[in-house]
Asker: 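Sharing a structure here in structure tokens format.
Letters go in sequence order (proteins before strands), and every chain restarts at 1. Because the structure is predicted, anything quoted here is derived from the model rather than measured.
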Amino acid sequence: MTIQPFISLPQGVRDILPEESKKIRKVESGILQVFEKYGFKKVITPLLEYVEVLSLGMGENLKDRVLKYIDPSTGRVVAIRPDITPQIARVVATRMRDYPLPLRLCYNENVLRHQGDGKNREVLQIGAEYISAAPSPEADAEMIIMAIEALKRIGLKDFKIDIGDVGFLRAVLGRLPVNVEDRALIKDAIAIKDTSSLESILKRTGKGIRKDDRELLLNLATFYGEEEVIKKASSLTRDPAAKRSLSNLTQVIKAVTKKRLMDSVTIDLGEVRGFDYYTGIIFEGFASGVGKPILSGGRYDNLLEKYGYGCAATGFAFDVENTVSAMERKI
Amino acid sequence: MRRPLRDTLTIALPKGRILKEAAKLFRAAGVDFSEILSDERKLIFEDIADGLRFMVIRSQDVPTYVEYGAADMGIAGKDVLLEQAKDLYEPLDLNIGVCRMVVAEPRALGARDNPSRWTHIRVATKYPNITLKHFLNKGIQVEIIKLYGSIELAPLLGLSERIVDLVQTGETLKKNGLVEVEDVMGISSKLVCNRASLKTKPRRVKELVDSLGKALARMKR
């Protein structure tokens, strides 16, 4: 049988046949059961949003990846959602103000992201958001513990939740007496753990930077692995905001340790992912043998404010297909 | 007994000149590459060092293998990394394959040329993305002609006025009557690492970065 060439799909989207759909359903229902156990209630958000509304709650790198069109009836620009979190922020800020805090919400939706080269990618997500009046390490810990429990529930072995803190990094970078361009270069070098570039930037911009700040920066690229790196970092900084972030992180780790789940956790204080979007801890899930993260999230205390409701929030989402491929890998 | 795969690091090495320089570095770190260097057909080497597995592939393919996690780590030139803009860690500058990327043009043109007056130029290169970014940042419109080799020929035959290419000694440019007009950036080979590998095998990654880093320091002395 030949298929006529015009009966094809755009790049980046695909059909999911019964065999695979069954695996996806199994993973999704396992995760949702754990979310439910923790008291998370599911909401359903629309496929389309006005770009200007969605933009309030998107990080810079996501804004370039939105698929848009002009609504012929109103002339306004409409987006196919690339992320659910800004939608949840909008829903909570506009429709759910009379619900008591903390609010535990979850979702299971698909999003669409432009990938460059004219390609898009449809992503199946399951996520959870914890919205509270004020930030707390307990809320951060609850999200991480719940993520680990969900992965254990679906039977995934050999995974790590990697925790960092952009609040800490922001404090460390913020105190450097360098101009905006150099600060961006320093951040980019830390992002790829490139100590030699960092050295040459510091050599060039150098004189005003204090010795302990310089030592901390040069060490950031190696502050990954086990929890001892938090102590090491703490001994190298006197900045109060940086200290506060590290002590929050220590409390999160304590809560995870209490649940005997530290085997599933690594720390990376040099992780800058989502630097402009998140405000405190960030975390990602990795399974050995799968090159891409299976989940990602963090604390974003500025987001709800942008929709007019000054609340703190922390959350994460699974990439369902990456999670399923982690289950299938042969190791 | 061989370690299980989840405790092994798979390392992608680029074929050719860089492989020989990498062999010296790995030897200084206690890993003997003579089997890899002597057998050009074999692509995967499992028994060279405890807990390490090597694969030899085209240099341009190294970032792709590492990004998808088919290899945990690899050795790749900064030129290839910037051109492909893959999402990788670069924890160590290996100080091998050192060269520069430059803008060059025929000597006759170079004598009266002023790069600060360029508004629209035509450039032949193997590196369209790096070239585009370099000139965009200076507000210069650039028409890029992508070639796969012998870039120096392009200005001689009128394909483009200028080229962006790697130079090591400048001998090739000179032989073809070209002069360097602008420095784009310094290039060297980097040890690269897949994100998930660094997170799931932090100790193994750190060990390798440390031991190669120490070998580098010894070789410099």
Asker: Please find out if less than 6.0 Å separates the ring center of B:Phe26 from that of B:Phe54.
Answerer: yes
Asker: Please flag which part of B:Arg203 lies under 4.5 Å from any non-hydrogen atom of chain A: side chain, backbone, both or neither.
Answerer: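 The side chain, not the backbone.
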Asker: Name the option with the most non-hydrogen atom pairs under 4.5 Å to chain A; the candidates are B:Leu191, B:Val209, B:Asn95, B:Asp87.
Answerer: B:Asp87
Asker: Identify which part of A:Asp268 has an atom lying under 4.5 Å from any heavy atom of chain B, answering side chain, backbone, both or neither.
Answerer: side chain
Asker: Nearest 0.5 angstrom please: B:Leu13 CG to B:Ser59 OG, how far?
Answerer: 11.5 Å
Asker: If you tally heavy-atom pairs under 4.5 Å against chain B, which of A:Glu271, A:Glu284, A:Lys193 wins?
Answerer: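 Highest number of pairs under 4.5 Å: A:Lys193.
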Asker: Please classify the contact of A:Ala191 with chain B as side chain, backbone, both or neither, using a heavy-atom distance under 4.5 Å.
Answerer: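 Backbone only.
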Asker: CD1 of A:Ile144 to CD of A:Glu149: how many Å apart, nearest 0.5 Å?
Answerer: 14.0 Å
Asker: Using only atom types and a distance under 3.5 Å, with no angle test, would you say the side chain of B:Asn129 pairs donor to acceptor with the backbone of B:Glu83?
Answerer: yes
Asker: Given the side-chain rings of A:Phe159 and A:Phe286, with only the six-membered ring counted for Trp, is the space between their centroids under 6.0 Å?
Answerer: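 Ring centres of A:Phe286 and A:Phe159 not closer than 6.0 Å.
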Asker: Carefully, step by step, assess B:Val123 and B:Val103 under the rule side-chain contact (heavy atoms from CB on, under 4.5 Å).
Answerer: CA-CA 9 Å; B:Val123 177; B:Val103 186; 5.7 Å; no
Asker: Using non-hydrogen atoms and a 4.5 Å limit, figure out which bit of B:Val66 sits close to chain A: side chain, backbone, both or neither.
Answerer: neither
Asker: Where does B:Asn194 contact chain A at under 4.5 Å (heavy atoms): side chain, backbone, both or neither?
Answerer: side chain
